[in-house]
Amino acid sequence: MDSNAITFYQTCVKSLLSQYEGLNTEWSTIETIFDDVQMRYMVLRVGWNDQRRIHLCLVHIDIQDDRVIIQANNTEDALDDELVALGVPREKIYPGILPPNVREQLRSKRM
C-alpha cells in the first residue's frame, strides 16, 4: 500500500474520531486511542454511573492493507459517509461486522 495513502487515511480517521472528544458527560469521559503502528483507532466512553462501571467502545476503525475497516460503530453517525466527505474513496471503506466472505464479495463488486 502506498505510504501516502496510509498517512492520508490515518489523518482522516483521526480527524473524524477527534470530533467525539467533546462528548463528555458528568458520569463519563471520552477517550480516543490512536495507534499508528498497528493502525487501530478507537473512541471509548469511560466512567462511573453511581456503582455501575461505564466502558463502551463507541467507534473502532482499523486500516488494513488498502482498506479502512469500520469494526464498530455504536453511534448514530454514518461514519462511511463522513470518511468519504473527508476524501477517503468509498470503495476503500468496509464494514467490519460483515463476515470475511461477504466483505470479499463486496470488494469485488466495488473494483
Candidate pair Asp35 and Arg40, rule salt bridge (Lys or Arg N to Asp or Glu O under 4.0 Å), full reasoning: CA-CA 5 Å; Asp35 181 348; Arg40 292 195 170 116; 5.9 Å; no
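- Using a 3.5 Å distance cut-off with no hydrogens or angles, the side chains of Gln10 and Tyr41 do pair a donor with an acceptor.
- Every residue was checked against the side chain to side chain donor-acceptor pair (under 3.5 Å) condition with Glu31, not counting sequence neighbours, and none meets it.
- The local environment of CZ in Arg52 is sparse, with at most 12 non-hydrogen atoms from other residues, nucleotides or ligands closer than 6.0 Å.
- Atom CG of Asn74 sits about 5.5 Å away from atom CG of Leu56, to the nearest 0.5 Å.
- The hydrophobic cluster analysis finds Ile97 isolated: no Ile, Leu, Val, Met, Phe, Trp or Tyr side chain comes under 4.5 Å of it, directly or through other members.
- The side chain to side chain donor-acceptor pair (under 3.5 Å) search around Thr75 returns Asn73, not counting sequence neighbours.
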Set out, in order, the CA-CA distance, both residues' side-chain angles and the distance that settles side chain to side chain contact (heavy atoms under 4.5 Å, CB included) for Val68 and Val13, then state yes or no. CA-CA 9 Å; Val68 176; Val13 168; 4.1 Å; yes
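- Taken from CD1 in Ile61 to NZ in Lys14, the straight-line distance is 12.5 Å, to the nearest 0.5 Å.
- The main-chain N or O of Thr11 is never found under 3.5 Å from a side-chain atom of Ser15 such that the two would form a donor-acceptor pair.
- Listed here is the closest heavy atom pair of Phe8 and Val88: CE2-N, 4.1 Å.
- In this structure, the side chains of Thr32 and Tyr20 stay at 4.5 Å or more apart for every pair of heavy atoms.
- Separating the CG atom in Asp65 from the CE atom in Met39 is a distance of 8.5 Å, to the nearest 0.5 Å.
- With sequence neighbours excluded, the residues forming a salt bridge (Lys or Arg N to Asp or Glu O under 4.0 Å) with Asp80 are Arg90, listed by chain and number.
- The distance from the OH atom of Tyr94 to the CD1 atom of Ile70 is 12.0 Å, given to the nearest 0.5 Å.
- By the salt bridge (Lys or Arg N to Asp or Glu O under 4.0 Å) test, Arg45 is found to be paired with no residue, residues two or more places apart in sequence or in another chain being considered.
- Summarising the geometry, atom CH2 belonging to Trp48 is positioned 13.0 Å from atom OG belonging to Ser28; distances are rounded to the nearest 0.5 Å.
- In this structure, Asp2 contributes its side chain and Asn4 its backbone to a donor-acceptor pair below 3.5 Å.
- Under the 4.5 Å side-chain contact rule for hydrophobic residues, Ile30 and Trp27 do not share a cluster.
- Here the closest heavy-atom approach between residue Thr29 and residue Asn24 is recorded as CA-OD1, 3.2 Å.
- Here the closest non-hydrogen pair linking Cys12 and Leu86 is O-CD1, 3.4 Å.
- To the nearest 0.5 angstrom, Tyr9 atom OH is 8.5 Å from Ile93 atom CD1.
- Among Val43, Asp77, Leu83, the single residue meeting the side-chain contact (heavy atoms from CB on, under 4.5 Å) criterion with Leu16 is Leu83.
- The hydrophobic cluster containing Leu44 also includes Ile33, Met42, Val46, under a criterion of side-chain heavy atoms closer than 4.5 Å among ILVMFWY residues, counted directly or through chains of members.
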